Amino acid sequence: MSLQDELTAVQRCLDDLVRSVGRLEKAGDGGLDIRRVRTDTDHLRESVALLRETVPRTAAVRPDLVTIPDTPYDTSLWTDSDDEGLGARDRRAP
């Protein structure tokens, strides 16, 4: 799932939560506890909205891809190096 899909899923769940809290408010006496939950859901809505605004900018900034050719490397690049773990070419292993 892409980040945009995840945010859409979060938004849907948050909308369901807001509807449920609204039903609880209508069914209850509107006490302090339900007002706290309402305030928390409003804060969550604001936070998700801010996150949705910032995601496209950060997701769009991506390092450029580097193409690695399939052609063999020039062997002259390694003339002064030893084969790792095999020793030098002109010497024998003990």
Side-chain angles (χ1 to χ4, degrees):
M1 249 174 136
S2 71
L3 187 58
Q4 204 63 23
D5 293 339
E6 293 287 344
L7 284 173
T8 302
V10 167
Q11 186 66 47
R12 267 190 258 121
C13 292
L14 187 55
D15 291 341
D16 290 342
L17 177 65
V18 168
R19 281 191 292 275
S20 298
V21 169
R23 286 192 298 266
L24 286 173
E25 273 184 319
K26 289 178 184 175
D29 61 352
L32 180 63
D33 292 334
I34 196 67
R35 284 187 285 164
R36 283 184 184 156
V37 173
R38 168 61 70 191
T39 303
D40 291 342
T41 56
D42 291 340
H43 285 284
L44 278 172
R45 266 186 151 173
E46 292 170 7
S47 297
V48 169
L50 288 172
L51 187 60
R52 286 181 77 101
E53 289 175 9
T54 59
V55 165
R57 283 186 241 135
T58 57
V61 176
R62 181 180 107 173
D64 293 332
L65 298 176
V66 177
T67 304
I68 300 173
D70 290 333
T71 58
Y73 289 108
D74 182 14
T75 55
S76 66
L77 294 172
W78 291 278
T79 56
D80 61 341
S81 65
D82 294 337
D83 292 328
E84 292 183 19
L86 300 177
R89 292 182 193 176
D90 59 343
R91 294 184 295 212
R92 294 184 54 171

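The model shown is predicted, which means the values in this text are computed figures rather than measured ones.
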In chain order, what residues pass the side chain to side chain contact (heavy atoms under 4.5 Å, CB included) check against D16, with sequence neighbours excluded?
R19
Could you measure the distance from the CG atom of L17 to the CZ atom of R45? Nearest 0.5 Å is fine.
9.5 Å
So if you build clusters from Ile, Leu, Val, Met, Phe, Trp, Tyr with side-chain heavy-atom gaps below 4.5 Å, do L24 and L14 land together?
yes
Hey, are R36 and T39 close enough side-chain-wise for a donor-acceptor pair under 3.5 Å?
no
Single-linkage hydrophobic cluster L3~L51, side-chain heavy atoms < 4.5 angstrom:
yes
By salt bridge (Lys or Arg N to Asp or Glu O under 4.0 Å), R35 pairs with (sequence neighbours left out) none
Minimal non-hydrogen separation, V18 against R38, with atom names
CG1-NH1, 3.6 Å
Between atom OG1 of T41 and atom CD1 of I34, what is the distance when rounded to the nearest 0.5 Å?
8.5 Å
